[in-house]
Amino acid sequence: MSARLFGRSLGRRGATFVIALVAITGGSAVAATMLTLKMDLRSKMTREIRRYGENLVLASGDDRAGATLDEAAVRRAIGQDGAPVLLARGEIARGDDTAVGAAVVGIDFAAHRRLHPSWRLDGGWPLSPDTTEALLGAALAQRLGIAPGGAATLRLESGGGAIRLRVAGLVRTGESEEDQVFVPLPLLQQRTGRAGRISLAALFVPGGAGEIAAAAARLERDVPGSRATPLRPIAAAQGAILDRLDRMTFLMSLIILALAGLCLGTTLFTLVVEREAEIGLMRSLGAGDGDVARIVLGEVTLLGLAGGTLGLLLGALAARLVGHRLFGAPIDPRLSVVPLVLGIALVVSWVAVLVPLRRALLIRPAAALRAE
Amino acid sequence: MFLRVLGDAFARQKRRKAIVFVAVALGTAAASAPADIALDVGDRMSRELKAFGANLVVVPRGASQPVRVGGTDFSALSIPAYLRAEDVLRVQDNFWKNNILAFAPLLDAPAEIAAAGGAEERRAILRGAWFDRPFRLDEPTAASGPEPTTGLRRMQPYWQVEGRWPDERGAADEALVGARLAASLGLRPGSRLEARVSAGSAARLLVAGILTTGGEEDEMVLAPLEAVQRAAGLEGRLSRVLVSALTTPESAVYERKGLDPRSLSPAEFESWSCTPFVSSIAFEIEEAWPGVEARVVRRVADAEGAVLDRASGLMTLVAVMGLFGAALTVASALTAGVLERRVEIGLLKSLGARNATVIALFLAEAAVLGIAGGLAGSAAGAWLARVVSASIFGTPVAIRPASVPLAVACALAITLLGALLPVRRIAGLRPAEVLREAI
């Protein structure tokens, strides 16, 4: 009986019912979007902060100049995410012109390219690590008058004759890299007689200060004689930025939820007003307060569940869209959001129905039926 | 007649009107607060962004920058070039003076560092800097507030100092010592050290604090600029100036344009140079200070741009959702209003009012509520933006007078849009039916 009444009442109240459903759907969609975003925000923002480059440097624990680490051990410890570096000093010149002193840095070009998305290159990255192709700092290149594709002669301080280099590209970073010469790591290792040795490795560890400190401790254990130094300000800022964005979206979502609750409340009130006669008739046929409350609450619960489910779908869609627009990668829906959003939808619906319910319980059969 | 019916509606339906009013106001507030914050999220997050470091470095034209790794200097052996210290205010005193958040002039000199009375000497960089120094761009007037200050302390809110920052105006020269250097020399806050620069005389410094940054500063001694200038015999000289500027993220297209601004057409140049892109700020600094090169620190600019873009994108999303929520609430509240007043509408119609008149009546009501709600909402939104911004970012957002008419116009549009649905019901109401209910 009450199930049939229910179905009919759902069917008959077109527009008002749709508004109530849209309100609760909208509220749940906002909740679902924000919750899904919140769960992915940290990893997505961390990826953006990655543009800064390394946040941890692994170097020899020995403070003397020229101390090195074993390349194989470091590579095992850092995996794909780190970039090994060997440092030397030398003099570079265009052809047989006057030479200029410069820091010579042996790097793994592929690894550096991954680690430093902010490097701007005139020309391109060297194609293969086995050649004598090099990158030149832009400021240094300007002083020497070398353009991308040009040739340079490098003499290392440790001796070993001239090395002819082809300059594949010029590096612009705004920092000291603009005064350095980047050559393939194996080449510099061989020419300085330090095969299999590196000066340091730079790497990016995702996460906050805690994760970075943990990674530093692990690296120092795995690479004997090394010292890992986190770039602390970056880690702190990383954490602070994420916290702020988190709190910001949370506060605003609360306001929007309150708005959805208000909207639902006024709509439910309308629904009750629309159905005064119907409720009056039920009362005159002997329905008590409990029966009326059960019907109203049942309807609202169904509404909440339906709206919550629709909201979840919409929210997943919105989160995907936002992920694409903001981070260039979709944000996948998460199962853990489902019970949360349905719970929020039900609680908001129940709170919103309180005033309309009071109104429904006040309906007197005589007054309501007189109008029919 | 129209006005009397309108006034009457407000006098009688106080509760209903209050709900619509609250809905419009809440919606406007929910949309305008995040919009306000989104508009200058950069100002809000400037403290966090500063931790990435300076996004501009001013060096003498063609100068090389030092390359140091783990205390070893790998720099090229070139003739050092210096800037004139008296010109340093030019980095701020240019077109973008309001976007320069902080700057710090630096002078680096290699020195032998030893604890006073200690035997052990370590070679390290002695860096002269401003820590937190008042400065003034224009002539002081009676009306101007306290002098702004700038220096490393302003630029690096996340540096950890054990002890305190040096007092730059005291009689004794005070210094910060990097944590690793301090550990190897056994220095603590309160101890004294001697720094001998090869070219000049020795500087005696009191250790005010131990500095931990996780960067190259951990191996340095940082002292007031003048003390280092004296010790190195480089009075009135600077190595470089770090500048932290508030910028607008730069698209790849504008970055390419910024590489060679003089090749732009006048119109392009104008739009480029009037936007606080990091490259146009660099350009203005170079214009204001001949002989220098302002280099954009790309990794800082990139990371900042990414964070700013995402943060303001999020806020925009929230603002759009707030607007959507407001439109819904208004629609539902107005629908309820139409339903409650079926009898009145029926009576008006039976007395000869045309549909258009009744609809105009309802729209006028909605408009009044929209404007009132919009006004209240933009006030509440400004307050909300202030509270949220103060609690999350620690700086209150400035109220923009221009946002009020915009918010009210939005609220009005939303209310009228929200009224469309219920108004369509008016035409369908039949006087006979509704009047019978009322008897």
Side-chain angles (χ1 to χ4, degrees), chain A residues 15-16 19 22-23 26 30 45 48-49 51-53 59 63 65 87 89 100-103 118 120 139 143 172-176 178-180 199-200 229-234 236-237 240-241 244-245 247-249 251-252 255-256 259-260 262-263 266-267 269-270 273-274 322 325-327 371, chain B residues 19 22-23 26-27 30 34 45 48-49 51-52 57 62 64-67 69-72 74-78 156 158-159 212-215 295-300 302-303 306-307 310-311 313-315 317-318 321-322 324-326 328-329 331-333 335-336 339-340 388 392-393 421 437:
Chain A
T16 321
I19 290 185
V22 169
V30 169
M45 282 308 278
E48 299 301 329
I49 294 172
R51 288 163 200 258
Y52 188 83
D63 276 334
L87 295 159
R89 255 185 296 220
V100 171
S118 68
R120 304 293 196 272
R143 238 171 292 146
R172 263 184 312 111
T173 65
E175 292 179 284
S176 55
E178 297 204 6
D179 295 300
Q180 300 174 6
S199 306
L200 60 102
T229 316
L231 296 177
R232 238 173 276 266
I234 303 311
I241 288 169
R244 285 185 179 16
L245 286 181
R247 284 168 60 191
M248 186 95 226
T249 43
L251 264 180
M252 289 302 163
I255 294 173
I256 292 173
L259 207 63
L262 188 76
C263 174
T266 52
T267 313
F269 197 81
T270 314
V273 172
E274 277 183 322
V322 170
R325 295 257 322 142
L326 281 185
F327 301 105
Chain B
I19 290 181
V22 168
L26 252 176
M45 295 194 108
E48 283 68 41
L49 295 177
F52 288 121
V57 182
S64 62
Q65 297 193 56
V67 185
V69 178
T72 314
F74 284 92
S75 312
L77 302 168
S78 55
Q156 293 290 352
Y158 288 98
W159 276 8
T212 312
T213 68
R295 289 189 187 163
V296 176
V297 182
R298 276 293 159 200
R299 59 176 179 161
V300 175
D302 276 15
V307 170
R310 299 332 178 260
L314 274 179
M315 289 302 104
L317 173 78
V318 175
M321 285 181 167
F324 174 71
L328 264 183
T329 314
S332 71
T335 311
L339 280 173
E340 270 201 336
V388 167
I392 294 182
F393 300 111
L421 188 69
E437 285 180 23

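In what follows, chains carry the letters A, B, and so on, assigned in the order in which the sequence lines appear, proteins first and then strands, with residues in each chain numbered from 1.
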Quiz item: Non-hydrogen atoms of chain A under 4.5 Å away: do they reach the side chain of B:V297, the backbone, both or neither?
Solution: both
Quiz item: Looking at B:R298 and A:S118, what are the two nearest heavy atoms and their distance?
Solution: CB-O, 3.5 Å
Self-check item: Greatest number of heavy atom pairs closer than 4.5 Å to chain B - which of A:T173, A:V30, A:V22
Solution: A:T173
Quiz item: Does any heavy atom of chain B fall under 4.5 Å from the side chain of A:V322, the backbone, both, or neither of them?
Solution: side chain
